[in-house]
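Below is one structure, written out as structure tokens; comments come after it.
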Amino acid sequence: MAARRLTDLLRSEQARRRREDAMAARALPGDWLAPAADQPLAASDDTLVLLFMCCHPSLSPTSRIALTLRAVGGLTTAEIARAFLVPEGTMTRRITRAKQRVKDSGVPFRLPRASERAEQLGVVLHVLYLVFNEGYASTSGPDLQRAEPAAEAIRLTRMVHRLLPDDPEVAGLLALMLLTDARRQARTGTDGAMIPMAEQDRSLWNSAQIEEGVELVTAALTQGPPGPYQLQAAVAALHDEARSAEETDWPQITALYELLMRMSDNPMVALNHAVAVAMSRGHEAGLERLEGLRSDGRVAGDHRMDAVRAHLLEMAGDLAAARDAYEAAARRAMSFPQRRYLHARAARLRD
């Protein structure tokens, strides 16, 4: 019965979005997207139920995340594979198995009870985090950012926050999204070119989102030991509250990343920590930290690794090595604006 209700909901969403009734009758759960933000409350409630259902206890944590990104977040399999740093074929098989498990399950079509919610909530939040990141910094395509996935992630996180207003990590994730999205208008020029944070016009940052985000994370941090989303939101708040790049509190940001590194073995956190160390303790210290990541296969071939190395080498005055690193990063980047930015940085050093 639950599988039938899940399929019916997803079929109605497909019909509303694409008007392809014939395909909807044959499709599996991963082929539909969530309702738009302007849909009535009942549809939003269904979306929240679907969000939790895709995090079914019978699925592995990674399969739950992958299925939710596909069914609710609307990301492509290739985008999800890049988020997980795995081959697309591996992710295709993972999502196919997860869809079948949910379809065959007898779970009721409802929000989980409080006793069930704790196990699924962490996965739900991680899914929303990944959807937002894909929208804010698209891993491929002609645009640096895609407003729709980022806005959808914020909308869904607000829904979870309304459901669980006293959960500090839910508040922390919402704060992180708002504080990060607040810079969106300043991240690209009129020609779509990427503008790094240090060079952005901060008057374009969304002050209302910054105010709301700071208020959310400040309240969340008073509720006990902070979780990873609260710490990342605190980093974002330090960036957003600095009146200029030069006034950024890098020592405090470094300390926050060190706390994050104690919580999880995340190579991207370590990469951000290397930048913060370079900004607070000098480029040599940052490059030393970066060298320790070169053997980590999860990021060794990622363009962000080369881009950070190029930036730190440029800070150190080794312009030839920095130029080569920028070019290496450009070759690996999937997003056209990122490639264009990295080629431009390399060309500037060549001149």
Take atom [atom1] of [X] as the centre, draw a 6.0 Å sphere, and report whether it contains more than 12 heavy atoms from other residues, nucleotides or ligands.
{"X": "E215", "atom1": "CD", "value": "no"}
{"X": "R298", "atom1": "CZ", "value": "yes"}
{"X": "Q223", "atom1": "CD", "value": "yes"}

Please determine, by modelled atom types, if [X] and [Y] share a side-chain donor-acceptor pair under 3.5 angstrom.
{"X": "D181", "Y": "Q209", "value": "yes"}
{"X": "D201", "Y": "S203", "value": "yes"}
{"X": "T77", "Y": "T92", "value": "no"}

Value for OH (Y341) from OG1 (T188), rounded to nearest 0.5 Å, stands at 13.5 Å

Path from [X] to [Y] over hydrophobic side-chain contacts below 4.5 Å:
{"X": "L312", "Y": "V269", "value": "yes"}
{"X": "L125", "Y": "F132", "value": "yes"}
{"X": "M261", "Y": "I253", "value": "yes"}

Do [X] and [Y] make a side-chain contact, defined as non-hydrogen atoms from C-beta onward lying under 4.5 Å apart?
{"X": "L67", "Y": "K99", "answer": "yes"}
{"X": "M197", "Y": "R202", "answer": "yes"}
{"X": "L342", "Y": "H303", "answer": "yes"}
{"X": "L290", "Y": "L271", "answer": "yes"}
{"X": "L256", "Y": "Q230", "answer": "no"}
{"X": "D296", "Y": "M305", "answer": "no"}
{"X": "L121", "Y": "V170", "answer": "yes"}

Apply the test side-chain contact (heavy atoms from CB on, under 4.5 Å) to residues R345 and E314: give CA-CA distance (whole Å), side-chain angles for both, the deciding distance (0.1 Å), then the verdict.
-> CA-CA 10 Å; R345 299 292 292 191; E314 186 177 357; 3.3 Å; yes

Mind listing the closest non-hydrogen atom pair of [X] and [Y] along with its distance?
{"X": "L178", "Y": "R158", "result": "CD2-NH2, 3.6 Å"}
{"X": "L59", "Y": "A98", "result": "CD2-CA, 3.8 Å"}
{"X": "T254", "Y": "A276", "result": "OG1-O, 3.1 Å"}

Between W205 and H239, is a ring-ring contact (aromatic ring centres under 6.0 Å, His included) present by the stated rule, with each step listed?
-> CA-CA 11 Å; W205 289 3; H239 281 299; 8.5 Å; no

Are R281 and E258 ion-paired here, with the side-chain N under 4.0 Å from a carboxylate O?
-> yes

State whether D240 and R183 are salt-bridged, where the test is any N-O pair (Lys NZ or Arg NE/NH1/NH2 against Asp/Glu carboxylate O) under 4.0 Å.
-> yes

